[in-house]
Asks: 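Structure in structure tokens, see below.
As the structure is a prediction and not an experimental result, all values here were calculated from the model. Numbers restart at 1 for each chain; the letters A, B, ... are given by sequence-line order, proteins then strands.
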Amino acid sequence: DGGITQSPKYLFRKEGQNVTLSCEQNLNHDAMYWYRQDPGQGLRLIYYSQIVNDFQKGDIAEGYSVSREKKESFPLTVTSAQKNPTAFYLCASRISGTGTFEQYFGPGTRLTVT
Amino acid sequence: EDQVTQSPEALRLQEGESSSLNCSYTVSGLRGLFWYRQDPGKGPEFLFTLYSAGEEKEKERLKATLTKKESFLHITAPKPEDSATYLCAVQDNNDMRFGAGTRLTVKP
């Protein structure tokens, strides 16, 4: 069964702690994305990666870091430098080089920092 | 800068009461317009891609249309299970931009 998995579903952290969100896909997609969703706002792009060992900053990359060591995996670290980390985080992926751009999303991780 | 605006923010319908959701956009070089459905606490589910003005796509009670400036998601005879937030997104030469969504509630 192909798809995108994110874990954990809920995550609670104290202020000042770094936390890593997991994203794995078995769709054989080349590109992967991290978005943040806040109430009343559209999804905002944090980071994206089009190939292994390469990634680019999105619109709101400050306070976040990523790695792409494997095609299937694109973990996101929320660092203590992120001022408002509490949000719903969504990972997405898409195939590249076909002329189609639809992204497919995982189930999301809700992060609460107190 | 590319912009995607969805209206209304929220829509309440009675079961069977057809209506439309709007997505207006400004983008240089549209590569595709996308509709997603998002249930509370879950990731968006892909519904449609539209590529050019005049194109239409249908799925069950949903029909998406596209003009040069906006897209409509028509919902015919909705059922309570159609209640969700519907997201619109546009892809230009570089990025995908999302609207804030329309929260649809269908009452039985």
Side-chain angles (χ1 to χ4, degrees), chain A residues 2-11 21-25 27 29 31-50 56-61 76 87-112, chain B residues 1-11 21-52 55 57 59 64 66 71 73 84-103:
Chain A
I4 303 173
T5 57
Q6 291 186 243
S7 60
K9 187 174 175 65
Y10 298 98
L11 193 52
L21 283 60
S22 168
C23 177
E24 304 277 332
Q25 54 97 2
L27 300 167
H29 285 177
M32 297 187 74
Y33 304 80
W34 274 106
Y35 292 92
R36 170 183 173 135
Q37 187 173 37
D38 295 284
Q41 298 190 40
L43 275 65
R44 292 183 290 167
L45 182 64
I46 304 172
Y47 268 97
Y48 66 100
S49 167
Q50 298 194 354
Q56 285 78 41
K57 294 181 179 179
D59 299 321
I60 56 165
L76 173 75
F88 190 49
Y89 289 88
L90 288 160
C91 179
S93 69
R94 71 170 179 89
I95 199 163
S96 298
T98 61
T100 60
F101 295 91
E102 51 265 19
Q103 297 179 17
Y104 295 89
F105 286 83
T109 292
R110 185 165 299 280
L111 173 65
T112 303
Chain B
E1 183 180 304
D2 297 350
Q3 286 196 340
V4 183
T5 304
Q6 292 188 246
S7 61
E9 287 185 18
L11 181 62
L21 282 56
N22 177 264
C23 173
S24 63
Y25 64 91
T26 55
V27 64
S28 53
L30 180 71
R31 304 295 295 273
L33 184 140
F34 310 88
W35 283 98
Y36 290 85
R37 170 192 170 125
Q38 186 175 25
D39 292 302
K42 297 190 176 180
E45 173 191 348
F46 171 73
L47 293 173
F48 305 110
T49 305
L50 300 166
Y51 292 103
S52 57
E55 190 175 359
K57 293 268 179 79
K59 180 179 180 179
L66 182 64
S71 176
L73 185 64
T85 295
Y86 291 85
L87 304 176
C88 169
V90 296
Q91 174 78 42
D92 65 10
N93 289 324
N94 298 303
D95 301 311
M96 181 177 280
R97 298 287 178 187
F98 285 82
T102 293
R103 188 172 68 255

Asks: For B:Q6, is it the side chain, the backbone, both or neither that has a heavy atom under 4.5 Å from a heavy atom of chain A?
Replies: neither
Asks: Heavy-atom cut-off 4.5 Å, strictly under: side chain, backbone, both or neither for A:D38 against chain B?
Replies: neither
Asks: Where does B:F48 contact chain A at under 4.5 Å (heavy atoms): side chain, backbone, both or neither?
Replies: neither
Asks: Any idea which of B:E9, B:R103, B:Q38, B:E45 has the most non-hydrogen atom pairs under 4.5 angstrom with chain A?
Replies: B:Q38
Asks: At a 4.5 Å cut-off on heavy atoms, which part of A:L90 comes close to chain B: side chain, backbone, both, or neither?
Replies: side chain
Asks: Can you check whether B:K42 reaches A:P107 side chain to side chain, under 4.5 Å on heavy atoms?
Replies: no
Asks: Please determine, by modelled atom types, if A:Q103 and A:Y48 share a side-chain donor-acceptor pair under 3.5 angstrom.
Replies: no
Asks: In terms of heavy-atom proximity below 4.5 Å to chain B, should A:F88 be classed as side chain, backbone, both, or neither?
Replies: side chain
Asks: I'd like to know if the side chain of A:R94 pairs up with that of A:Y33 as donor and acceptor (distance under 3.5 Å, no hydrogens or angles considered).
Replies: yes
Asks: Can you tell if the side chain of B:L11 reaches within under 4.5 Å of the side chain of B:Y86, non-hydrogen atoms only?
Replies: no
Asks: Evaluate the ring planes of A:F105 and A:Y35, with Trp represented by its six-membered ring, and classify them as parallel (under 30°), tilted (30 to 60°) or perpendicular (over 60°).
Replies: tilted
Asks: For chain A, which of B:P44, B:G32, B:G41 has the most heavy-atom pairs under 4.5 Å?
Replies: B:P44
Asks: Using a distance-only test with no angle check, is there a side-chain donor-acceptor pair under 3.5 angstrom linking A:E102 and B:T49?
Replies: yes
